[in-house]
Amino acid sequence: QVQLVESGGGLVQAGGSLRLSCAASGRTFSSYAMGWFRQAPGKEREFVAAINWSGARIYYAESVKGRFTISRDNAKNTVYLQVNSLKPEDTAVYYCAARRGGGDYSDYVPYDYWGQGTQVTVSS
């Protein structure tokens, strides 16, 4: 079992930055790939970024490339999402998720564990 708790969301102006964190319980965190997804009201859940267990492989949605950075610290059982140059369209609840194995990290179905989400609101 892995429990995930996100933090770091908030209200920022367009162009601002936030650092989202996702703290994981359990001793097997380093064996999981981690992903960040987001969901805006009335919209489908959307892939944002993912990182494999070692940090050697990283993936981003096209809409966030160059603005968001995913990283992880296995010693702290934590994955981060640095979000810069925020736009109003980035407004959403951001979720972190954990999965094992390879494949398409942008597909939310294989993720076994999810956090409760943290709200990011970007004002224009």
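Computation of the quantities below employed the complete heavy-atom set of this structure, encompassing side-chain atoms and omitting hydrogens, waters and symmetry-equivalent molecules.
Applying the salt bridge (charged side-chain N to carboxylate O under 4.0 Å, His left out) definition to pairs two or more places apart or across chains, those involving residues 45-55 are Arg38-Glu46. Within the structure, the disulfide bond (SG atoms under 2.5 Å apart) test picks out the following pairs touching residues 77-124 (sequence neighbours left out): Cys22-Cys96.
Taking both residues in full, the closest heavy atoms of Gly117 and Glu6 are given as N-OE1, 2.8 Å, listed atom of the first, atom of the second, then distance. Considering every non-hydrogen atom in both Ser31 and Arg100, the closest pair reads OG-NH2, 3.1 Å.
The structure places CG of Asp90 at 7.5 Å from OG of Ser63, a figure rounded to the nearest 0.5 Å. Interatomic distance, CD of Gln119 versus OG1 of Thr91, reported as 7.0 Å (0.5 Å rounding). Atom-to-atom distance recorded for Asn52:CG and Arg57:CZ is 5.0 Å, nearest 0.5 angstrom.
Grouped by direct or indirect side-chain proximity (heavy atoms under 4.5 Å, Ile/Leu/Val/Met/Phe/Trp/Tyr only), Tyr60 sits with Val2, Leu4, Val12, Leu18, Leu20, Phe29, Tyr32, Met34, Trp36, Val48, Ile51, Ile58, Val64, Phe68, Ile70, Val79, Leu81, Val83, Leu86, Tyr94, Tyr113, Val120, Val122.
Ring orientation note: the planes of Tyr111 and Phe37 are nearly perpendicular, at an angle over 60° on the 30°/60° scale.
No cation-pi contact links Arg99 to Tyr105, judged by a cut-off of 6.0 Å to the six-membered ring centre and 45° from its axis.
Applying the 6.0 Å contact sphere to CD of Gln3 captures no more than 12 heavy atoms from other residues, nucleotides or ligands.
The residue from Phe47, Tyr95, Trp114 that alone fulfils the side-chain contact (heavy atoms from CB on, under 4.5 Å) condition with Tyr108 is Trp114.
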